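In what follows, a structure is listed as structure tokens, so that the remarks can point back to it.
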Amino acid sequence: MQDNAALGADAYLAWWQLVGVECAVAETPVNWLRPALAATASAAQSSVPIAPPVAKPQDLQAFQTWLASDSGQPEQRWAGRAIMPVGPVDAPLMIVTDMPDPADIEQGTLLADRAGVLFDSMLRAIGLDRAHCYIASLFFSRPPGGMVEASDIASAATRMATHVHLARPRRLLLLGDRTIRALMPTGGGEASTALPGFNHDGGIVPVVATFHPRLLLTQPAAKAQCWRALQSLIEETDHD
């Protein structure tokens, strides 16, 4: 009987310990009515040091170094291979896609494989080639399943405004729905005889948005609309 009573007492004490009551009397008074979450959050805030602000890169080379090395970039959480932007400053055209495709990661370059062959044909149609273009992506590596959070898209859009400013292209070509929605969320606005503009850190650059080559491979009927978009780049160049 005494053994059962002792076991019951031990179980009772163990239960109180599980819920956080470790002693009957303490040295300092405790406000049991204070929300525990607020106290925990306050303690956490006081114990975490505030990191100094990171200086914004002032040139394209510094920006690319920052992209590849800054621990705050969303890509640092992903295990995928990084494919960094390439091309000259002051290029006649800067092309922005959403992220590397699996074939891009395998070959180590954006817009590779069959989509890349079609993309090269698109450039030739407007009198350009890769060597004269600046090619980048919203995300320089691929997340698991190709899915990104809304907060990461917002972050990528913000840094792209700096990216375009430092690359200084004469025109901007956006490829794919995800890229367009991230960088041109208003959907093009009113009809105009001129190209819409992309607002970046240093001003506005004319922009054309069209389908990603990967979609054109599966939906050939969209090529006509894509060609009309590319023609607007030629017409704007002729007007300069």
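The structure presented is a predicted model; accordingly, all values stated were derived computationally and were not measured.
- A donor and an acceptor atom, one from each side chain of Thr162 and His200, are nowhere located under 3.5 Å apart.
- Among Ile95, Leu93, Val96, Leu173, the single residue meeting the side chain to side chain contact (heavy atoms under 4.5 Å, CB included) criterion with Ile135 is Ile95.
- Contact annotation: the side chain of Trp78 approaches that of Asp152 to within less than 4.5 Å [non-hydrogen atoms, C-beta and beyond].
- When ring centroids are compared, Tyr134 and His163 come within the 6.0 Å threshold.
- Side-chain contact check for Ser121 and Arg124: at least one donor-acceptor pair (N or O, by modelled atom type) lies under 3.5 Å.
- Checking side-chain atoms of Arg81 against main-chain N and O of Ile105 turns up a donor-acceptor pair under 3.5 Å.
- In this structure, CG in Asn199 is found 8.0 Å from CE in Met184, a value given to the nearest 0.5 Å.
- Annotation: the span from Phe119 atom CZ to Leu110 atom CG amounts to 9.0 Å, rounded to 0.5 Å.
- By the criterion of side-chain heavy atoms lying less than 4.5 angstrom apart, applied directly or through intervening Ile, Leu, Val, Met, Phe, Trp or Tyr residues, Ile204 is not grouped with Val164; the two fall into different hydrophobic clusters.
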Using the rule given for side chain to side chain contact (heavy atoms under 4.5 Å, CB included), can you reason through Met122 versus Leu230, listing the C-alpha separation, both sets of side-chain angles and the distance that settles it, and then say yes or no?
CA-CA 8 Å; Met122 293 164 59; Leu230 294 176; 3.8 Å; yes
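- Val117 and Leu111 are members of different hydrophobic clusters when ILVMFWY side chains are connected at heavy-atom separations under 4.5 Å.
- His132 approaches Ala91 most closely through the heavy-atom pair O-CB, 3.5 Å.
- Both Val205 and Val89 are assigned to one and the same hydrophobic cluster, defined by single-linkage of ILVMFWY side chains at heavy-atom distances under 4.5 Å.
- With rounding to the nearest 0.5 Å, the separation of OG1 in Thr97 from CG in Asp104 is 7.5 Å.
- Across all their heavy atoms, Gly80 and Ser141 have their closest contact at O-CB, 3.8 Å.
- Taking a 6.0 Å sphere around CD of Gln76, one finds it holds more than 12 heavy atoms contributed by other residues, nucleotides or ligands.
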Begin from the C-alpha positions of Trp66 and Gln73 and carry the test side chain to side chain contact (heavy atoms under 4.5 Å, CB included) through to its verdict.
CA-CA 9 Å; Trp66 172 74; Gln73 304 304 326; 3.0 Å; yes
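- Closest of all the heavy-atom pairs between Cys133 and Pro88 is O-CD, 3.5 Å.
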Please assess Arg130 against Thr109 for the test side chain to side chain contact (heavy atoms under 4.5 Å, CB included), listing each intermediate value before the final yes or no.
CA-CA 11 Å; Arg130 292 190 188 229; Thr109 185; 4.2 Å; yes
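- When each of Leu175, Leu217, Thr179 is tested with His212 by the rule side chain to side chain contact (heavy atoms under 4.5 Å, CB included), just one qualifies, namely Leu175.
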Side chain to side chain contact (heavy atoms under 4.5 Å, CB included) between Thr210 and Trp227: does it pass, once the steps are laid out?
CA-CA 9 Å; Thr210 190; Trp227 171 237; over 6 Å; no
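- When all heavy atoms are compared, the tightest approach of Val207 to Phe198 is CG1-N, 3.9 Å.
- The minimum heavy-atom distance linking Ala209 with Ala229 is given by the pair O-CB, 4.1 Å.
- For Asp129 (side chain) and Ala131 (main-chain N/O), a donor-acceptor pair under 3.5 Å exists by modelled atom type.
- Linking Ile, Leu, Val, Met, Phe, Trp and Tyr whenever their side-chain heavy atoms come within less than 4.5 Å puts Met84 and Met99 in one cluster.
- The minimum heavy-atom distance linking Leu118 with Pro213 is given by the pair CD2-O, 3.8 Å.
- Remark: Asp113 CG to Asp101 CG distance equals 9.0 Å, nearest 0.5 Å.
- Here the CD1 atom belonging to Ile83 is positioned 11.5 Å from the CD atom belonging to Glu75, to the nearest 0.5 angstrom.
- Put simply, CG on Asp177 and CG on Leu215 are 9.5 Å apart, with the number rounded to the nearest 0.5 Å.
- Within the 3.5 Å criterion, the main-chain N or O of Pro100 finds a donor-acceptor partner in the side chain of Arg142.
- Salt-bridge annotation for Asp98 and Arg214: present, with a side-chain N of the basic residue lying under 4.0 Å from a carboxylate O of the acidic one.
- Using a distance-only test at 3.5 Å, with no hydrogens or angles considered, a donor-acceptor pair links the side chain of Arg159 to the main chain of Leu138.
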